[in-house]
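All of these numbers come straight from a predicted model, not from anything done at the bench.
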Amino acid sequence: PAFGLFIFTIARDPLRIIILIAGAFFWLVSLLLSSLIWFIAVKASDPQDERLQKGLLIFGVMFSVLLQEAFRFLYYKLLRKAIEGLVALSEDGCSPISIQQMAYVAGVGFGLMSGAFSMINLLADALGPGTVGIHGDSQLYFLTSAFMTMVLIFLHTFWGILFFHGCEHRRWWEIAAVVIMHLIVSGSSFCNPLYVGSLVPSYLLMAAAAAWAYLLSGGSAQNLRRFLLCKC
């Protein structure tokens with residue numbers, strides 16, 4: 001369902017496709033930089049020290065989250081400049097796409113690239129060797145990983161809307177809320193293989209972020225009710 005966001009809301013608009021691809025590229029660069037720093041830190045440390053290696057892993061995850069949000073901010077600044085250029089080139093003095101739409105598409109771009117990398121890691125693990133759960137561990141690894149990938153795609157979409165709204169209106173607490181939610185979701189993965197400890201908080205935060213993004217986008221309870229009841 002998460003990849004349907006692209007098919008139904010973006011695929012028919014060339015400008016949105018460009019914004020999505022650029023957003024995916026920004027996320028990819030942030031991952032590359034954070035992975036490089038983590039790799040250097042691991043190589044420079046003692047590989048036999050398990051406590052140190054676990055600490056470096058936690059540091060790598062937290063640093064990656066902060067770097068992703070930093071690149072989200074840089075992408076916002078770039079799109080803001082792009083809107084000014086589009087307005088200057090348009091005949092009617094209006095941009096063909098609003099900042100709210102850009103926020104949504106940029107969030108989907110971040111989410112789809114994040115989901116694609118999660119799926120690649122999942123497929124690599126599926127090749128073996130070994131059998132999931134053979135030593136008494138949970139056999140729901142692939143199923144829960146798929147659900148986690150889906151929630152991350154949706155979360156990045158909602159975070160994009162919240163983050164851009166906070167930047168646009170200088171509400172820095174909204175940006176801080178996005179960063180904190182991102183840290184919580186990424187940090188909850190350390191609860192695995194107790195998958196309830198990561199999935200439940202992530203889906204609760206997704207529901208809260210979805211409602212928040214819906215309201216910031218101009219939605220209302222009345223519009224939602226009419227949609228659910230299929231009323232025009």
Side-chain angles (χ1 to χ4, degrees), residues 23-78 106-107 109-125 132 137-138 140-142 144-160 162-164 166-167 172-206 208-209:
F25 174 76
F26 267 71
W27 185 92
L28 193 60
V29 172
S30 71
L31 178 67
L32 176 63
L33 291 178
S34 59
S35 300
L36 180 62
I37 292 174
W38 175 79
F39 178 78
I40 294 174
V42 169
K43 290 299 181 180
S45 61
D46 182 8
Q48 304 299 326
D49 191 339
E50 295 184 0
R51 185 175 180 181
L52 176 61
Q53 294 302 315
K54 184 177 181 180
L56 288 175
L57 179 60
I58 295 174
F59 162 77
V61 171
M62 299 299 108
F63 181 76
S64 177
V65 168
L66 296 177
L67 200 58
Q68 287 177 47
E69 298 306 328
F71 269 78
R72 199 194 302 272
F73 178 74
L74 292 176
Y75 193 40
Y76 162 78
K77 300 295 287 186
L78 178 64
F110 269 62
L112 287 181
M113 185 55 69
S114 173
F117 265 79
S118 297
M119 290 301 296
I120 290 173
N121 292 332
L122 204 62
L123 293 175
D125 290 337
V132 176
D137 296 325
S138 174
L140 301 177
Y141 170 70
F142 292 111
T144 53
S145 297
F147 276 103
M148 195 65 187
T149 299
M150 183 178 71
V151 76
L152 279 175
I153 295 175
F154 281 123
L155 277 171
H156 272 292
T157 302
F158 302 140
W159 288 338
L162 298 175
F163 194 97
F164 277 42
C167 293
W172 308 119
W173 60 272
E174 291 182 351
I175 299 175
V178 171
V179 175
I180 291 172
M181 283 191 288
H182 200 166
L183 288 171
I184 292 174
V185 172
S186 298
S188 67
S189 62
F190 292 108
C191 295
N192 296 337
L194 182 62
Y195 297 113
V196 176
S198 60
L199 282 177
V200 172
S202 299
Y203 272 84
L204 290 176
L205 284 176
M206 185 190 72

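- Minimum interatomic distance between V65 and S186 (heavy atoms only, all atoms of both residues): CG2-OG, 3.2 Å.
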Test log, rule side-chain contact (heavy atoms from CB on, under 4.5 Å), inputs E69 and F73: CA-CA 6 Å; E69 298 306 328; F73 178 74; over 6 Å; no
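- With S118 contributing its side chain and S114 its backbone, the two residues share a donor-acceptor pair below 3.5 Å.
- The aromatic rings of F117 and W27 sit tilted, their planes meeting at an angle between 30° and 60°.
- Side-chain atoms of W38 and S34, non-hydrogen and from C-beta on, never get closer than 4.5 Å to each other.
- Going from atom NE2 of H182 over to atom CZ of F163 covers 11.5 Å, rounded to the nearest 0.5 Å.
- Going from atom CD1 of I37 over to atom CG of L56 covers 12.5 Å, rounded to the nearest 0.5 Å.
- Interatomic distance, OG1 of T157 versus CE of M206, reported as 10.5 Å (0.5 Å rounding).
- For S35 (side chain) and L32 (main-chain N/O), no donor-acceptor pair under 3.5 Å exists by modelled atom type.
- No more than 12 heavy atoms of other residues, nucleotides or ligands shown are found within 6.0 angstrom of CZ on F39.
- L31 has its side chain out of reach of M113: every pair of non-hydrogen atoms, C-beta onward, lies at least 4.5 Å apart.
- Ring pair F110/H156 is tilted by interplanar angle, where 30° to 60° counts as tilted.
- The CH2 atom of W159 sits 10.0 Å away from atom CG of L162, with the distance rounded to the nearest 0.5 Å.
- Inter-residue side-chain proximity for V29 and F26 is flagged as unmet; no heavy-atom pair is nearer than 4.5 Å.
- The shortest non-hydrogen separation linking L52 to S45 is CD2-CB, 3.6 Å.
- Put simply, the side chain of F154 reaches to within 4.5 Å of the side chain of M150, judged on heavy atoms.
- Looking at every heavy atom in both residues, S198 comes nearest to S188 through CB-O, 3.3 Å.
- Contact detail for L155 and A209: the closest heavy-atom pair is CD2-CB, 4.3 Å.
- Atom CZ of F147 has 12 or fewer heavy atoms from other residues, nucleotides or ligands within 6.0 Å.
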Would R72 and Y76 satisfy side-chain contact (heavy atoms from CB on, under 4.5 Å), going step by step from the backbone distance to the final call? CA-CA 6 Å; R72 199 194 302 272; Y76 162 78; over 6 Å; no
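- Across every non-hydrogen atom of Q68 and S30, the tightest pair is CG-OG, 3.5 Å.
- Rounding to the nearest 0.5 angstrom, the gap separating the CD1 atom in I184 from the OG atom in S189 is 12.5 Å.
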What do the steps show when you test M148 against V185 for side-chain contact (heavy atoms from CB on, under 4.5 Å), and what is the final call? CA-CA 10 Å; M148 195 65 187; V185 172; 3.8 Å; yes
